[in-house]
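So the structure is just underneath, and the comments pick up after that.
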Number of protein chains: 2
Amino acid sequence: MTERLALPGYRAAIVDLLGLLALGQLSGFTRLAADAELAPCVVLQARMAGLAVTEFGHYRRLESALTGLDAEPECAMAPFRSTFELFHARTRPSTWLEGVIKAYVGDAIATDFYREVAGYVDPPIRALIEQTLADEGRSDFLVQVAREAMVTDPGVSGRLALWARRLVGEALTQAQTVAVERDSLAELLAGRYGGPGADLAELARMFQRLTDAHIARMARLGLSA
Amino acid sequence: MTERLALPGYRAAIVDLLGLLALGQLSGFTRLAADAELAPCVVLQARMAGLAVTEFGHYRRLESALTGLDAEPECAMAPFRSTFELFHARTRPSTWLEGVIKAYVGDAIATDFYREVAGYVDPPIRALIEQTLADEGRSDFLVQVAREAMVTDPGVSGRLALWARRLVGEALTQAQTVAVERDSLAELLAGRYGGPGADLAELARMFQRLTDAHIARMARLGLSA
């Protein structure tokens, strides 16, 4: 299967995809580490910092994979700087709980999106991507923290539901932009390099799946989407 | 030597010292990770993030050491929250280069201070502290980045010299406050639990050594202190 990497367009799409993922993990690391400062106590700050450090480990693995493909990580990530800058600028948490929800909801929707796209690439690259998307108990921790905070302050749930809606809106906007406007990825999804291509209807179903999964996650928090 | 840990006052001083170091590493991790966003390119952002992750590793080791002493890490760190909050609030870099100088100068002066205090504790604890203060190529990287940036923009050096002066002023203020106002540490330094105690003249010399080391570091940057 990996002889497809000899196809220039396919290789470009893989480099783009790994660059997108790498920058997502790196910018996620940075924002999560900074948001950890909002924690009400040092132990929670350290737990959140630990989640950030895990993301940095994923970044390192993706960076190595890019180098292994003779791609310059910097160049592979560069096209996606504005994507993540915009996302994080528009979803800057102002409270600890908003940060927790962002870490849970924002990250999960990005993960779902990457996993969908990974369905269009060869097994070895797909396996690498899956490794960097592993949850490793992260969601359980975040859900527990969010639920406990909502128990002590039930009035907050309405505001958090709106916050989550903003997060998912921004995340889907960025995902759609990347999937449609970045030629190599658009062509990958369209099946240009073989494999099952997604027509517009399938793309729409994919975004529907992302939305459904989000609604289920909100339910886990006891919030309506 | 470690039977001294049975002395309540000595044990309290050790827990305080490890708590101080742990929170220093954790807050250093957070600020460094956030300041990495100021990087002009993703590769430098990732290098800076890597330094932050190293600090988090040190935090973990100190947290384990506290747990090993049957101390609650949260409680051990709590007395020093305002120390680090004040320091970081007053030394928030507004440019990448200011962040680099802070990582180099601010961290080094804290390290020198901890190393001085480590001279007053038993060898096993001292060895642990030394491990968490290891430089691991960090200074070389930061000096190189700062020097290169100053070559491309020589006019910046005056402003950076002032910035470094503010950093060292804030760091020494916080160190002095901790060494004098935190009873357990003040008594440790005064030799209350045995070992060579520092009188006021020796404390003054210690702060002189910290200042001298800072001047030498500035010279390495080609800046006057």
Side-chain angles (χ1 to χ4, degrees), chain A residues 18-64 66-67 71-85 88-89 92-93 96 99, chain B residues 18-64 66-67 71-85 88-89 92-93 96 99:
Chain A
L18 296 180
L20 173 71
L21 279 154
L23 191 56
Q25 297 283 357
L26 183 60
S27 70
F29 160 81
T30 301
R31 292 320 316 159
L32 208 53
D35 294 343
E37 271 193 324
L38 298 166
C41 70
V42 182
V43 163
L44 285 176
Q45 182 182 347
R47 287 290 303 269
M48 196 73 143
L51 298 186
V53 170
T54 302
E55 297 206 343
F56 187 73
H58 295 159
Y59 163 76
R60 281 275 200 230
R61 219 178 299 177
L62 290 158
E63 192 192 33
S64 303
L66 282 165
T67 310
E72 191 58 61
E74 176 84 26
C75 300
M77 291 185 273
F80 307 107
R81 281 196 88 156
S82 66
T83 299
F84 293 106
E85 273 168 18
H88 289 298
R92 201 169 282 266
W96 162 244
Chain B
L18 296 180
L20 174 71
L21 278 155
L23 191 56
Q25 298 283 357
L26 183 60
S27 70
F29 160 81
T30 301
R31 292 319 315 160
L32 208 53
D35 295 343
E37 273 195 321
L38 299 166
C41 69
V42 181
V43 163
L44 285 176
Q45 182 181 347
R47 287 291 301 271
M48 196 74 142
L51 298 186
V53 169
T54 302
E55 297 205 344
F56 188 73
H58 295 158
Y59 163 76
R60 281 275 199 231
R61 221 179 298 178
L62 291 158
E63 192 192 34
S64 303
L66 282 164
T67 310
E72 190 59 61
E74 177 84 26
C75 300
M77 290 184 274
F80 307 107
R81 280 196 89 156
S82 66
T83 299
F84 292 106
E85 273 168 18
H88 289 298
R92 202 169 282 267
W96 162 244

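Keep in mind it's a predicted model, so treat the numbers as computed, not measured. Each chain gets a letter, A, B and so on, in the order the sequences are listed, and its residues count up from 1.
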Greatest number of heavy atom pairs closer than 4.5 Å to chain A - which of [options]:
options: Ala34(B), Ala36(B), Ala46(B), Ala78(B); result: Ala46(B)
options: Met77(B), Met48(B), Arg31(B); result: Arg31(B)
options: Leu32(B), Asp35(B), Leu26(B); result: Leu26(B)

Query raised in the report: Can you name the nearest heavy-atom pair linking Glu37(B) to Thr30(A), along with the distance?
Result: CG-CG2, 3.0 Å

Report summary line: Cys41(A) and Arg81(B) have their tightest heavy-atom pair at CA-NH1, 3.7 Å

Query raised in the report: So with a 6.0 Å cut-off around CZ of Arg47(B), is the heavy-atom count from everything else above 12?
Result: no

Report task. Examine whether an atom of Ala76(B) lies under 4.5 Å from a heavy atom of chain A, and if so say whether it belongs to the side chain, the backbone or both; otherwise answer neither. Result -> neither

